[in-house]
Amino acid sequence: MKTIVIGCDNAAVGLKNVLIQHMKEKGITVEDVGCDSPEDTTFYPLIAKRVCERIIESNYTKEGVLVCGTGIGMAMTANKFKGIRAAVCHDIYSAERAKLSNNGNVLCMGERVIGHELAKKMLDEWLGLTFKDGSSTPKVQAIIDIENENFK
């Protein structure tokens with residue numbers, strides 16, 4: 001089972017804690033990189049950076065979950081890191097496609113957008129899938145090629 005690195009800003013501490021508990025109940029190893037309270041004013045880009053650095057340091061064997069108010073800022077930041085394919089998902093279908101069509105390794109969600117039960121179901125869907133070579137492989141390779149051009 002993969003290790004999941006999770007982080008949030010102060011707008012999403014509640015959802016992060018729900019997701020951590022949910023994963024631990026399923027026997028998933030979780031690394032929590034913060035933030036830990038609504039009073040913690042660490043900017044979300046710094047939290048996303050922590051998660052992405054842990055994934056990269058693991059040689060991409062770990063995956064990530066990032067939560068903030070909308071998930072958008074976390075995804076924008078995460079996608080600045082080489083080898084990270086982060087997607088904002090707010091329904092089960094988008095979580096499925098993030099993994100199966102895009103080989104996504106970071107799932108981003110917004111506490112102010114979705115409820116906790118839906119977030120748990122989306123996480124389960126995403127964690128339960130594995131990208132397989134097929135019609136999406138050349139598309140993901142095109143993403144990697146563009147990334148390699150831009151990260152010279």
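Heavy atoms only: backbone and side chains are in, while hydrogens, waters and symmetry mates are out. Remember, it's a predicted structure, so these values are computed and weren't measured experimentally.
Proximity of a side-chain donor or acceptor of S101 to a complementary backbone N or O of A98 within less than 3.5 Å is not detected. At distances below 3.5 Å, not a single donor-acceptor pair connects side-chain atoms of N102 with backbone N or O atoms of G104. D9 places no side-chain N or O within donor-acceptor distance of the main-chain N or O of Y44, the cut-off being under 3.5 Å. N105 places a side-chain N or O within 3.5 Å of a backbone atom of R85 that can act as its donor or acceptor partner. In this structure, N10 contributes its side chain and E39 its backbone to no donor-acceptor pair below 3.5 Å. Without hydrogens or angle criteria, H90 side chain to M109 main chain gives no donor-acceptor distance under 3.5 Å.
Residues V106 and V67 fall into different hydrophobic clusters, defined by Ile, Leu, Val, Met, Phe, Trp and Tyr side chains chained together at heavy-atom separations under 4.5 Å. Side-chain heavy atoms closer than 4.5 Å link hydrophobic residues (I, L, V, M, F, W, Y) into clusters, and following such links, even through other members, never connects L66 to L107. When hydrophobic clusters are built by joining Ile, Leu, Val, Met, Phe, Trp and Tyr residues whose side-chain heavy atoms come closer than 4.5 Å, directly or via intermediates, L123 is grouped together with I28. When the side chains of ILVMFWY residues are joined at heavy-atom separations under 4.5 Å, either directly or via intervening members, L127 and V5 end up in two distinct hydrophobic clusters. W126 and F131 fall into different hydrophobic clusters, defined by Ile, Leu, Val, Met, Phe, Trp and Tyr side-chain heavy atoms under 4.5 Å apart, directly or through other members.
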Stepwise side chain to side chain contact (heavy atoms under 4.5 Å, CB included) test for V65 and L19: CA-CA 9 Å; V65 174; L19 295 175; 4.2 Å; yes

Verdict with supporting geometry, C8 and I47, side chain to side chain contact (heavy atoms under 4.5 Å, CB included): CA-CA 6 Å; C8 72; I47 300 294; 5.6 Å; no

R112/T70 under side chain to side chain contact (heavy atoms under 4.5 Å, CB included): CA gap, chis, key distance, verdict: CA-CA 6 Å; R112 296 176 179 158; T70 64; 5.6 Å; no

Working for side-chain hydrogen bond (donor to acceptor under 3.5 Å, both in side chains), residues S94 and D91: CA-CA 6 Å; S94 60; D91 58 67; 3.1 Å; yes

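Pairing each heavy atom of A48 with each of M74, the nearest pair is CB-SD, 3.9 Å. Minimum interatomic distance between E147 and F81 (heavy atoms only, all atoms of both residues): OE2-O, 3.7 Å. Taking all atoms of both residues into account, the shortest heavy-atom contact from D32 to I20 is OD2-CD1, 3.5 Å. Taking each heavy atom of G71 and C68 in turn, the nearest pair found is N-SG, 3.1 Å.
For the atom pair CG of N103 and OH of Y60, the computed distance is 12.0 Å after rounding to the nearest 0.5 Å. Annotation: the span from K120 atom NZ to H116 atom NE2 amounts to 9.0 Å, rounded to 0.5 Å. Distance check, rounded to the nearest 0.5 Å: CG of D124 to CE of M23 gives 10.0 Å. Note that the CG atom of N148 and the CD atom of Q141 stand 8.0 Å from one another [nearest 0.5 Å].
Counting heavy-atom neighbours within 6.0 Å of K80 NZ, excluding the residue itself, gives a total of 12 or less.
N59 is linked by a side-chain hydrogen bond (donor to acceptor under 3.5 Å, both in side chains) to nothing, counting only residues two or more places apart in sequence or in another chain. For L118, the side-chain contact (heavy atoms from CB on, under 4.5 Å) partners two or more places apart in sequence, or in a different chain, are I92, I114, M122.
Here the side chains of I56 and K82 are not in contact, with every heavy-atom distance at 4.5 Å or above. A heavy-atom distance below 4.5 Å is found between the side chains of I55 and I84.
A salt bridge links E63 with K99: at least one charged nitrogen is closer than 4.0 Å to a carboxylate oxygen.
Screening residues 43-62 for salt bridge (charged side-chain N to carboxylate O under 4.0 Å, His left out) gives E31-R54, E31-K62, K49-E53 as the qualifying pairs, with residues at least two apart or on separate chains.
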